[in-house]
Amino acid sequence: MGKVTNVIFQKEAGDTLYLRGPYGKGWPVEQFKDKHLVVITGGTGLAPVRSMLNMLAETPGYVRSVHLISGFKNADGIVFHNELEKWKQKFSTIYALDNDTMEGWRTGLVTTFVPEIPFDTFKGEYVVVVVGPPPMMKFTGLNLMEQGVELEKVYMSFDPYLLFH
């Protein structure tokens, strides 16, 4: 979405495309070691945690457990189909569509499923990562607070493009 994407779509086979990046700080995965990790994503918010989830899927025992809640508006918006299937085998997963129904998927906003995370069994040894549209992150944060989650253990990633467009 935006100027850069528009230019990319104007490219044709054989054109040159120069990319720089990635930018940002990444996730402090060294601080997640030996903890229970909860990852909650909305839509393309799955992209910024994809490499971390792949690393954790390939490194059993790095964290105590991974609980992934990933939601999409509808079936057309689902990204990373292959990884979602792989992660289902490795992690405790809840995949949801906001209003649609689909076999193997639940229906509802990601906030609906936050109470299903067994925070009370983690004995304070957990970290939560939340990435998605600002309203989703706001209400997920409120739900986490209702569950007694310590806010200093929550990482949220805000995409400036989403905030200002």
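Everything quoted here is computed from the prediction, not taken from an experiment. No hydrogens, no waters, no symmetry mates; every other heavy atom, side chains included, goes into these values. Here, residue 1 is the first one in the sequence, and each next residue gets the next number.
Tracing side-chain contacts under 4.5 Å through hydrophobic residues (I, L, V, M, F, W, Y), one reaches Val66 starting from Leu84; they form part of the same cluster. Hydrophobic clustering (ILVMFWY, side-chain heavy atoms < 4.5 Å, transitive): Val128 and Phe122 are in one cluster. By the criterion of side-chain heavy atoms lying less than 4.5 angstrom apart, applied directly or through intervening Ile, Leu, Val, Met, Phe, Trp or Tyr residues, Val110 is not grouped with Ile78; the two fall into different hydrophobic clusters. The hydrophobic clustering, which links ILVMFWY residues whose side-chain heavy atoms are closer than 4.5 Å, places Val149 and Ile94 together. Residue Val130 is not grouped with residue Phe32 when hydrophobic side chains (ILVMFWY) are merged at heavy-atom distances under 4.5 angstrom, including chains of intermediate members.
Looking only at atom types and distance, the side chain of Glu30 has no donor-acceptor partner in the side chain of Tyr62 under 3.5 Å away.
More than 12 heavy atoms of other residues, nucleotides or ligands lie within 6.0 Å of CZ in Phe80, so this atom counts as buried by the packing criterion. No more than 12 heavy atoms of other residues, nucleotides or ligands lie within 6.0 Å of CE in Met145, so this atom counts as exposed by the packing criterion.
Listed by first and then second residue, the side-chain hydrogen bond (donor to acceptor under 3.5 Å, both in side chains) pairs that reach into residues 118-143 come to none, sequence neighbours excluded.
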>> One pair to check against side chain to side chain donor-acceptor pair (under 3.5 Å): Ser70 and Thr41. What are the steps and the verdict?
In response: CA-CA 5 Å; Ser70 195; Thr41 68; 2.7 Å; yes
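Side chain of Tyr155 to backbone of Val127: no donor-acceptor contact under 3.5 angstrom is found. A side-chain donor-acceptor contact under 3.5 Å links Asn74 to the backbone of Gly77.
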Got a list of side-chain donor-acceptor pairs under 3.5 Å for residues 45-54, not counting sequence neighbours?
unit_1	atom_1	unit_2	atom_2	d
Arg50	NE	Glu83	OE2	2.9
Arg50	NH2	Glu83	OE2	2.5
Asn54	OD1	Lys86	NZ	2.9
Asn54	OD1	Trp87	NE1	3.1
Asn54	ND2	Arg50	O	3.4

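The side-chain heavy atoms of Val38 and Phe119, taken from C-beta on, include a pair separated by under 4.5 Å.
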